[in-house]
Structures are given as C-alpha cells and as structure tokens.
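Notes follow once the structure below has been shown.
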Amino acid sequence: MKKDVLIVGGGITGLSLAWELSCLGIQSILIEKAPFIGGHVSQFACKATQTCQRCGACLLEDYLSKLPRTNNIQMLVGSRIDSFSQAGREFNALIMQRRSGVINEKCDDCGLCEKVCPAEGALFKSPLDSSLHISNEKCLKSKGISCEACAQICPQGAIELEEKNRELEIQSSAIALCTGFTPFDASQKPRLGYQRVPGVLTSLELDSLLRAENFQLPQSSDGLKSIAFIQCVGSRDPKSGANYCSQICCGVSIRLARLIKSRHTETRITIFYMDIQTFEREFDKTLDQTKNDMMFVRSMPSEIRSGEDGRPEIIYHGNDDTKQIVPFDLVILSIGISPRDPDLPGSFPALWKNRDGFIGSEGNDVAAGHPGIFVAGAAKGPKSITGCISQSILAASQIKKYLDRIKRGE
Amino acid sequence: MIQGSISQVSGFVGNFDVQIHTPTDRYDEMFGFIIAAQPANQQSKTNAFSLTSSDKIYSLSEFKRFLDSGDRLSENNGTWRHIAFFFDLKGSSDISQFETLLSILDRLEIFHQVQPYIFTRDLKVASAGLEARYRYHRQRGVVFFKFDGPDPQIVQNERGCVIEFVEPLLGEKMELTPDWIVLDEILGPPIDLDPLLKMIPSAPAFAPYLQPESTRFNGAETPKAGVYAVGPARGVFDNESLKADIDAVMVSVLKTLPELSRITEREAAFVDKTKCAFCLTCIRLCPHGAIGFHSRPEVDPLSCKMCGICILECPMGAIQTRSNNADVLEVDSNLFSNGAKTGESGRIKLLVCSRSGLQAAGKINQTLLSDVEICALPCAGSLDPNSLLKFFLDGADGIIVAGCFKGNCASIYGSTLAEERVTQTSKTLKQAGIDPERLEFIYLAGNTPGRIVEAIARLKSRTDN
C-alpha cells in the first residue's frame, strides 16, 4: 500500500496530525499499538465546573467525530512497525497487526464474558466507546494456559482467541512519530508512599477515576475531607532523571482541584509546589481566585507515611524552618511526563535524542534527525493537549513542504 | 513593507477592504487574509513599585539592550557589582521573560565580580531547557528569593535604591543596596487590534485579545474566517509558540485558498430578501462576523460556520440554510460508535449540540436511551423554542437540551443563548400549567455522557411519579 505519510501513534497528536494533513489533501495511514485509538487523552476527565477549564480533553471526541468525514485517513489499531527499509526517498514499513480478540461488530455488551473470566483485567473496555478488548498481558491463554472461558460462553460468537496476526507493507514518503510519553512511575520515589501508603494516588489515576465517573471522596472521621496535591513528582528533579519541567502538571492539578472543590465545596485542598506555571490568560486574577479556595504551600514533602488513624501523613519543611506533619484523607502525586521508547525496529534510522531524553531537537521544529522523519507532540517533550495540537499543525505544514520538495525532485 | 497602521477593516475572507494610514497618506487596499502579528504591549513596572525613573533602574528589555551596547560592566575594577532582578512580582510574568532573564545571566557570567540576585514569586520554567538553565545558574551562585507573603519594597534615596525584604526561608528582615535594579515588564495584547475586533460581534467575550481563550480555536484562527491572531494578539508571548503560530496561519491559508473558488458549493445560511425587515439583528449577533450589508444583509458563505444562531434570532424568520430550511439536523449514525440506536418515538427528547452532546450520547449504553429520541443541532444556539412547545404538544414526557460548557462553545455564546431560551420556555410552560422541570438545559462536553444519564434519570423520576 502506498501512502504519503505513515503516522505512528493514535493519540491526540497522531489524530490531529492526520486531520490537518487530510485537510491539505495529503493521504496518511495511522498505526496505533493499543487495540483502540485515543492514547492517554482517552483516560482524561472533563475538568469543566459550570465553565470550561480548557483542559482540551474533549478535543479527542471532536477529532474522532470529524475523522470519519474524510477518505484521506486510514487507521490500523493493534499495530506496530515490525521491520523497516528505505529505498531512495521512499520508506518501506512492514506493519504487524494483532487482532484484539473481540469482534466488536458482533459483541452486544451482555457482560457474560467478564463474569466468567478468571484473570482480572484481562477483558477491558476502551474508555472512549466502551468497546471490549482482551489484554495480551493479562489473558491466561496468551500466557500459555488453556483457558477459553470467554469464547465458550459468548452467545454471539464474538470472541476469537486464536491469534490472527496480519502483515501489511506500507510505502510512504514521510513518517511522523507521534508516540507520546510515559507517565512518571511514582514508585520510583518510595518516600512519597505510592503503592505503599493507602490513600496515595497519582494525578493520572484521579483523572481516570473522574473520567469513569467512579470517583468518591474517602470518608473522613471529622466529616471534613482534605486532599493534598504534590507537584513536580518526576519533574524538575535531576535525581529521578528529569531535569525539566513537565509543563502540564500545574494546570492539571489546579483544574482537578477546582473541579473537586466545585462538586464538594466542604473539601479542604492543599497544593504543595515549587513554582506555579502559568496555564491560562489573566493568570494573576485566576490564581488569586483559586488561592481563596485552597491552600498553596511552597514546599516539597520529604515523606508521606501512613498515620496512626490509617490516613496518609505528609511531612514537610514548613515556614519559619519547622518540621510539619499533616494528615490528609487523600494525597495526589502530580506525576510528570517521561520519555517513551517509540518501539521501532532495529532497522529504523537513528533519531535525535534531546537533552531530556525525548525524540528530536531542543526547539520547536519537528525534524526527528533523519530526512523525511518527523516527530510531534509529547514524544518530543512535555506538552499540553492544545500544545500537542499546535505542534501537529506545525508538523503538517513542515511535512507538506517536504512532500512538495520531493515532488519537485529536490 | 508599509509603515503605517490600519484604521478600519470590512469585508470577508478573500476580500477584505482595509483602510491604511501611513505618516503621509491614507488609502484603501484589498487583502485576502489579515494576520495580526503586532508585538506585545510592554508596560513598565516602575509605577507598580512606586519608583521614579533613574539610571539605576532598568526594565528587562532595556537591560538587555544595555548589555548589547557594550561591556560597561567591566569598567568597574576591583569592586563587586550587585544586580537585583525582579521577576513575577507585582503582576505575573511570562516564560519568554524568564528566558530573557536566563540569557542575561548567561551573558553576565563572563564578568567575574558581578553578583545577580533574583527576587521572584514563581519562576516560569514550563518550556524546554529552562529548568536546566535555571539550575545551572543557581549552582553557579545566582541567589534566588521567592516571596509568597509581602513583596520586597524598593526605597529610592539620593545614593540609589535599597531593597527591604523579609528573607522568605528564615523570616529575617534584610536589606540590599544593588548597583542596578532590573524589573520585568507586564506583557499585554497589542493595542491596535480594535479595527479587527470591531468586525467580530462576539469580540466583547474575548477582547482585548483577538482569539477566544477556548480550546475550540486551535492554531491562530479567530472566529472570523481569514483573520488570524499570531503570538501576543492571541495572548501567547514566547518565541517557540510564535513560530508554530506562523505555520498554523500558513496551513489555514492553504486550506482556505481552494475553498475561495468553490464558494458557491458551500452550505451556508442565506437571507430571504422578501422577508428581511432590515433590522440588522443577524449582523449584530453572528458570532463569526459572517454577515455583511450590501443594500441588504448578506451571509458570506466561507465565513458562515452554520451555527444557526442568526436563523433563530431573526425576528422575521427570513434566514434559512441553503441546503434545506430545517433547523434540526438528522443524527449522523457514524457518531454512534457503539451501535446505539435512538428510540424512534421517544418519550424523552434529547436535543444536543453536534459538537459535544452528540458525541456524549454516542457513549451511552443504548438500553438507557431506549425511549429517548436524539435530535442533533448544529449548535445549541440554533435551538428553536417553538419546537420545544411543539414536542410537548406532540406528547413528549420531557425534553433535555444539551449545549457545550460555557467557554467551550465554538460559536462563543451559542450554548448561553440556548440556556436563556430554555429558561424563557420554562416560564411559558409554567403559565400553561405544564411542569417546567420537564424541560431541562444541561452543559456538557463530548466526554461527559454521565451528565445526560443523570438528566434522564432526573426527568424519569419526575415523570414516573
């Protein structure tokens, strides 16, 4: 199959890039490793109170409803580049597509398979359209155990556990890497208690709980609920390998805090931080208003431990040089954006890696270090949703210029 | 390149009539597109600190020019020079200014006997490389003081300036008498955007900027087709974003050029001249500035975003869409990715904006929608209050109208107009003896299906009793 551009990654960057290219009349094929498109944004909740907080999460739905209107885009889920070669200016990528196991056209969402499945989390739903999928990591069958409970019980015959891989060869003149990021692994900072102290969650976990409309405030003995947000977990921290600001976390935490506060006005919210980064217009005014509703403490906690009453306790260096120990009902670690391995075959050309470990150069250009290969979005460095879309537009413009140059034979 | 300013603009994409003022002349010229790329309006903070101008006090950009003009710092043999920088105090500062500050610190490194101090509230490091550069300078001995409580005071006397402050970590009173004080500036939108803002009726919602602060406006686009806001004009001040904005304009112009020649094929609203009473309501209300006046109101097809607000607001009912005259669109079945079908003659009508509510409805389990009929509106702003009454007369149990959250409407105030119409209609229902709570307006986004589910539950609990 011949396409102008091969887009690797079906998150908000890949989707918006495909859309922008399509508007310029450029044909693309988008491959996504996961069984559904949407990437991280599909886990993010809308942060609107009564007013939109401009987090951009709903832009994913916007693109998903626009994309079927064009014939210029083809999408393959469950796919990765298996091998790669180049002849002149033409790239040749062999794509391996893995079937998800559930034939969604046949599935009527009766829920029987989920009831009989012995492996927790092996059957999971896309947060986007609730379509059902089988996790290759968690399914017993893929671990070599002969379990076919789901396939046997499905009245629609919608589950096919037989692994059916499909290979597809794609020629393209350009490749765009939109492979996104890895959320910082908070367990790398054991003193912050993640997965050790009950009541400590990451901002991403809180976000997806809110998205799934599953979030409930924990019960508190004195009736007053308190939540702490800890900023810069895995950001601005050379010791954990991140000598950079993740750029999005101040906006994420403050938006989440405002959302919770608007729903549960009695909640006490404290934000522990180093420096608050601007994320909206008229920031003096909006930050002042927010500071009326919650407490801001300029201090990075040294430890989070389980208190005597079972609630998490934050220990930090407070004002006037004193040690403070404060209990909270819930502690949210505002985790940063870490680089992600783009999962490319060994035969893929060597790419630039910037100082912070992301693909590409330090600046805002979208060159990836090899002619015809581009990079955009969080794969290139920390970025907000709207930041990713802006860079997709930039990438579309640069890719068009490149394709025009090739056509002219330059 | 012309040295001058624009005083008045009219027209539409592909055909803007621009009045240009030069120092010697005034004339009109036609342009296809207009790009607002003026520099930020920089304001000094000397007044905010109650200072009078002096050769000891510089603004950040002045100090950069001062360094550029020669190395006068090195004239001072044998004694240390102290420079105090004020950043993000008395008004928040921007990433671009922190970048400037870091590049000044880079430059100062060659002078051995210069000690910089940074008095600040929050450092703005949210751009590639800034954190590493900040950390480098801190390790090299630049002193940073961060203030949450009272700002440091600058006292001017005959010998110079004294900074009086409470050292934030230790809580002790301190004084510093630096050789120079450098204040960052307040960055605002360009001051000469008015002629462009005047063309866009929805501009009061986002002025003094030219782009609404909304995720519906990506890149450099404004509500008016063919008018672009680059950098400061849309409230973005750093150089990296500026470069991306310029490419965004190019992409948008490339997308629009072929449309200019296909203009007659486009679906758009049009004004029926036999019905129009020249009240100009449509011109005043079109959020996209898509309606002009040439002996009568005329809709520019390329600028029209098909929101339908003019159709509803026209008191004469003189505006229709070109393709059909229905103000309720068919539901696009593609949007129902889980295959949900809507009840054909539902007891509950769900009127949704096609930019948000339709996607949200597509995520709802179809069993919950079994007796719900979904009608998609191009924008909640095209909601017809008469259709609400008609639905009730035809036997609907309840009606839910769903529009985008405030600040997320692609037509700026479409969902707010819809909410107002629902409130009005509720009053009418009450007078007619119909329970007004059988009609509800909800704000939502494409990813908040729960808000529809809750509204249906509320409605059912009322009508089932």
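We name chains A, B, ... by the order of the sequence lines, and we start the count at 1 in each one.
- Within the 3.5 Å criterion, the main-chain N or O of A/Asp275 finds no donor-acceptor partner in the side chain of B/Lys124.
- No part of A/Glu105 comes within reach of chain B, as not one of its non-hydrogen atoms sits under 4.5 angstrom from that chain.
- With contacts defined as side-chain heavy-atom distances shorter than 4.5 Å, the pair B/Glu240/A/Gln391 does not qualify.
- In this model, a donor atom of one side chain and an acceptor atom of the other lie less than 3.5 Å apart for A/Gln398 and B/Asp247.
- In this structure, the side chain of A/Glu213 engages the main chain of B/Gly450 through a donor-acceptor pair within 3.5 Å.
- Taking the side chain as every heavy atom from C-beta outward, A/Cys58 and B/Phe405 never approach each other to under 4.5 Å.
- Only the side chain of A/Arg355 has a heavy atom closer than 4.5 Å to any heavy atom of chain B.
- Contacts between A/Ser16 and chain B at a heavy-atom distance below 4.5 Å are absent for every atom of the residue.
- Salt bridge annotation for B/Arg216-A/Asp62: present, with a cationic side-chain nitrogen under 4.0 angstrom from a carboxylate oxygen.
- Neither the backbone nor the side chain of B/Thr120 comes within contact range of chain A; no heavy atom of the residue lies under 4.5 Å from a heavy atom of that chain.
- Contact of the A/Asp365 side chain with the B/Lys243 side chain is not registered, since no non-hydrogen atoms from C-beta on lie closer than 4.5 Å.
- Only the side chain of A/Lys400 has a heavy atom closer than 4.5 Å to any heavy atom of chain B.
- In this structure, the side chains of B/Arg135 and A/Tyr244 stay at 4.5 Å or more apart for every pair of heavy atoms.
- For chain B, the nearby part of A/Phe44 is the backbone; its heavy atoms alone come within less than 4.5 Å.
- Side-chain contact between B/Arg355 and A/Glu61 is absent, with no heavy-atom pair separated by less than 4.5 Å.
- A salt bridge links B/Arg121 with A/Asp284; the closest basic N to acidic carboxylate O contact falls under 4.0 Å.
- For the pair B/Asn447/A/Leu60, no side-chain contact is recorded, criterion being any heavy-atom separation below 4.5 Å from C-beta on.
- Contacts between A/Asp109 and chain B at a heavy-atom distance below 4.5 Å involve the side chain alone, from C-beta outward.
- If you measure heavy-atom distances from B/Leu169 to chain A, the contacts under 4.5 Å come from the backbone alone.
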